[in-house]
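Read through the structure below, which is laid out as structure tokens, and then see the notes.
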Amino acid sequence: MTRSAIVTGASGGVGRAMVARLAARGWQLIVTSRRAEHLAAAFGDQHLQVVADCSTPAGARQILQAARDHRMQPTALAHCVGNIRLGAMHRMSEADFNDCLSANLISTFHTLAAFVGALREARSPGAAVLVSSAAARIGTPNHEAVAAAKAGLEGMVRGAAATYAANAIRINAVAPGIMETPASAGVIASPAAREGAARQYPLPGIGSPDELAELMVWLLSDAAARVTGQVWSLDGGFSSIRPLVK
Ligand SMILES: NC(=O)c1ccc[n+]([C@@H]2O[C@H](COP(=O)([O-])OP(=O)(O)OC[C@H]3O[C@@H](n4cnc5c(N)ncnc54)[C@H](OP(=O)(O)O)[C@@H]3O)[C@@H](O)[C@H]2O)c1
């Protein structure tokens, strides 16, 4: 039987990389976005395209319902929704802070809840992979809002993994450093900003969504059958090592 997977934020940099990899491995895909034209631009008429805002419980449930309507029972979730709202907290507007929490934390809660709810109803095992950030793991200037949202996500991974282990549902996350995607375009717009960003990393450079997707696909695969409740860094050493300064 063909396995099916949900990719949220599918129109974004990481989402597209996930869709390409999962499709190449034979997964049937449910791809979601808030805007139909984003999905059409990314995927033409391929995949089951669901327009929903998964930062609300109703929007998240709508994705699972659309899958059911098409006789699909997704056993994998790659939640790739998120945004980057940078700025010192004393200058950040309430709207920006709320938008950051909504995209990075609240959407994750509702989407994961709808996914595990459907799996439990079907008495099916499954796996989810979420996306955190290096900023949740080490203090980084001007990342207060996103650090708060992603640290919440990391706590959710451990809690939910504990709750659903008995149902054979695995829940993990990845924590990347900066990557070349639409979300980071503003941060690395000029050559100087790009070089400056790349130099922050012990292994210097800007990451690619493809290398992150490779790790995410592995976490969803049977090869990771005994991995749950983990957050895997992919950040050139940024959050864990401090090289000798010469
Ligand atoms: N790029 C980086 O440097 C970087 C670094 C660390 C972590 N991350 C994380 O990686 C994940 C993927 O990001 P990306 O770089 O692929 O970003 P991206 O290219 O901007 O894609 C993210 C997608 O999420 C959807 N989205 C944004 N805000 C939303 C909201 N409030 N509600 C529902 N959907 C929303 C958007 O799709 P629609 O507009 O089509 O709905 C967007 O295309 C995010 O969780 C991000 O925080 C990225």
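We count ligands from 1, going down the list as the structure has it; atoms in each ligand are counted the same way.
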- Message: I want to check something: taking the side chain as every heavy atom from C-beta on, are Thr75 and Trp27 in contact at a cut-off of under 4.5 Å?
- Response: yes
- Should the heavy atoms of other residues, nucleotides or ligands under 6.0 Å from OH of Tyr201 be counted, would the total exceed 12? yes
- Query: Measuring from each atom of ligand 1, which residues have a heavy atom under 4.0 Å away?
  - Reply: Gly9, Ser11, Gly12, Gly13, Val14, Ser33, Arg34, His38, Asp53, Cys80, Val81, Gly82, Asn83, Ile84, Ala103, Asn104, Val131, Ser132, Ser133, Lys150, Pro176, Gly177, Ile178, Met179, Thr181, Pro182, Ala183, Ser184
- Answer yes or no: is there an ion pair linking Arg85 with Glu144, defined by an N-O contact shorter than 4.0 Å? no
- Do the charged groups of Asp53 and Arg34 touch, with an N to O distance under 4.0 Å? no
- Message: Using the rule side chain to side chain contact (heavy atoms under 4.5 Å, CB included), only one of Leu220, Asp210, Val7 pairs with Arg21; which is it?
- Response: Asp210
- Query: Is Ser221 reaching over with its side chain to a backbone N or O of Trp218, donor-acceptor style, under 3.5 angstrom?
  - Reply: yes
